[in-house]
Amino acid sequence: MARIVRTTVLDDDLLRLRLLLVVFLTAQAVLGLFLWRIQVANTDRYEIDLAQQSIRRVRLPGVRGCMFDRNGLLLADNRPSYGVALYLEELRKYRSEGRTIDHIQNVVAQLSEIIGLPPEIERRDIVTHINRRLPLPLVAWRELPEDALARFVEFGLSIPGVDIYTQPVRVYPQGELACHALGYVGRADPPTGEEEPFHYYLPEMAGRAGLERTMDHVLRGEAGGQLMRIDVVGYRRHDVAIRTPRRGQDVMLSLDVRIQRVVENALDGVVGSAVILDPGNGDVLAIASTPGYDLNSFVPRISTETWQGLNNDPRTPLLNRAVGGLYPPGSTFKMITALAGLVNNKSRATDIHNCPGSFTLGNATFRCWHRSGHGHINMEQAIEVSCNVYFFHVGLQCGIDAIYHMATAFGLGSKSGIELDADLAGLVPNPGWKRHVHRDGWRDGDTCNVSIGQGSLLVTPLQMAMMTATLANGGTVYQPRLVIGVRAEGMETYQGIEPVVANRMNWDRRHIDVVRKGMRDVIMTARGTGRTARIPGVVAAGKTGTAEFGRKEDRQRHAWMVAFAPYDNPKYAIALLVDEGVSGGETAAPRMKKILEGLFSPAEDGTRGAG
């Protein structure tokens, strides 16, 4: 009996062992299956995951394209900016971030003694960089002076983990010249909407004003990229791949540096603006607004003190008056009134009106600037002497609608289309506008004011240059053009940009001749209001203007003059404004003379105008 019990117990133990063996073998099989799936079947997927966890994508900005004047002179370029960079993967102290930070600070202090400059980064900057941009070099100094750079090259390069850091920054070889047209750059915002965002973005320049802003899509290069592998802590190990960024396109402008300098010299010392257009195609040969500012003060970044000074200056140097300043045009508008009367057959060039020095309309009296009067004069003479009373008559004869349509046909009341972001439309008032804005009806007195360029009429200097160019070429309104060509990287020639015709007037030649002759007499006769702009050997045509603004008792005035020359074959159409002057003839005309002298000096081509 005992033998039977012992056998049964042995059988039970053997069964348990066999079950345990089955469980053990099954577990091994399952574990082996999982290991096979991880190490063999899904190895590609885990390799990708590992690579993604250890790879960092860095966006590399492209170098910005350059801007040239029409003769190939550089207006905006790039130069290398040298700094000192620390490569933290070479300066790290293992298993201690605090020791690493201390070591970096010691290296910075050592370099500071070598280059003779105080540190530009503090301990908190190092901590921030380690926490946010660890794989990238830490730039300890930017924009090193030449002497400091020389000392670093001689003594600093022997220190492990440091090197010269180079990045392109904008430079404007002509300084303040054409500052409002060129504009300036600032640090770009990180791009959005990318399919695969970068982990890190290196600093990139973006246009913030002027052509730098409006042509940013052309000037800014195509970004490249860099793939770097990092270790488990986050330090850079080595580069995996790099895609070289592409340089931006070059832009050729219609500006002529020599002419631009002539204009800015003529405006020296005053608050004002001047524009010169080519009447044959709308090219902007010069566009100036004073006071200006040094574009290089924005590179690599403008100081807080300089920026506040520009913004707090009562002369508003950041304002581009040529396209963003709105002014009543005064008597420079009278040619539009004359053409409105002629084209609509409401006035004739031979019509004689008497100017006793004032004009009575109901209970109101409108004064001529010449208080003793001009006597009996025709239209050509009225332009020559800028008689207000004559144009009161013409304005009332043709009416505000005719004046409005003629003004808008010249482009007044609309944006010019120039490649600048500050381009304003101005205002040409009419009865509908007055009803909408002032809830009041239009009166004949309003027509009289508009007829001589006063009232609610507002224009920019660029618009008056467009008007002058249209009178000079006989009736073609060109959209002003600042950009005449674009050149891609590696190309020798520019892709040209054709002129744009905004309108054609189709005037009767007799009508435009009357106006042009009157403008010629403004400069070329002894009693013309712009006679002080006359220069020897050049027959020019023009018109002065004095526009009142502000409170009447303050007697504040804008001084205008427009001109084109030579008279028979115009090459230049000019508008000039002095923000606060005595009169067009006294303030603007002498400055117009300086411009004409500069344009027709022997340095130009020896050509003198003929009449």
Quick check against the 3.5 Å criterion: does [X] have a side-chain atom that pairs as donor or acceptor with the backbone of [Y]?
X      : Y      : result
Arg487 : Tyr494 : no
Arg151 : Gly156 : no
Asn312 : Gly309 : no
Gln463 : Ser414 : yes
Thr468 : Met464 : yes
Gln479 : Gly417 : yes
Thr306 : Ile302 : no
Thr290 : Gly292 : no

Are [X] and [Y] within salt-bridge range, i.e. N to O under 4.0 Å?
X      : Y      : answer
Arg481 : Asp283 : yes
Glu212 : Arg64  : yes
Glu264 : Arg258 : no
Arg213 : Asp421 : yes

So, for [X] and [Y], which heavy atoms are closest and what is the spacing to 0.1 Å?
X      : Y      : value
Ser254 : Val284 : OG-O, 2.7 Å
Ala573 : Ala465 : CB-O, 4.1 Å
Lys415 : Asp423 : CE-O, 3.3 Å

All ring-ring contact (aromatic ring centres under 6.0 Å, His included) counterparts of Phe410, not counting sequence neighbours: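 Counting only residues at least two positions away or on another chain, Phe410 forms a ring-ring contact (aromatic ring centres under 6.0 Å, His included) with Trp507.
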
Please identify each residue that fulfils ring-ring contact (aromatic ring centres under 6.0 Å, His included) with Phe298, with sequence neighbours left out.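 Tyr184, Tyr293.
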
Applying side chain to side chain contact (heavy atoms under 4.5 Å, CB included) to Tyr572 and Ile259, what does each step give before you reach the verdict? CA-CA 11 Å; Tyr572 309 107; Ile259 296 176; 4.0 Å; yes

Can you confirm whether [X] is buried at [atom1], in the sense that more than 12 heavy atoms of other residues, nucleotides or ligands lie under 6.0 Å from that atom?
X      : atom1 : answer
Arg123 : CZ    : yes
Glu489 : CD    : yes
Arg301 : CZ    : no

Test the Arg92-Tyr87 pair against the cation-pi criterion, namely NZ or CZ under 6.0 angstrom from the six-membered ring centroid and within 45° of the ring axis.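 Negative - Arg92 is either too far from the ring of Tyr87 or too far off its axis.
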
Compute the centroid of each ring, for Tyr82 and then for Phe152, and state whether the two points are separated by less than 6.0 Å.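 When the ring centroids of Tyr82 and Phe152 are compared, they turn out to be at least 6.0 Å apart.
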
Quick one: do the Glu143 and Ser81 side chains pair a donor with an acceptor below 3.5 Å?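 Checked: Glu143/Ser81 side chains pair up, N/O donor to acceptor below 3.5 Å.
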
For the pair Ile287 and His180, evaluate side chain to side chain contact (heavy atoms under 4.5 Å, CB included) and give the outcome as yes or no after the intermediate values. CA-CA 8 Å; Ile287 182 168; His180 295 92; over 6 Å; no

Could you walk me through whether Arg321 and Asp579 pass the salt bridge (Lys or Arg N to Asp or Glu O under 4.0 Å) test, one step at a time? CA-CA 9 Å; Arg321 289 173 168 79; Asp579 223 352; 3.3 Å; yes

Side chain to side chain donor-acceptor pair (under 3.5 Å) partners of residues 240-249, not counting sequence neighbours, each pair once: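 Found Arg247-Asp250.
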
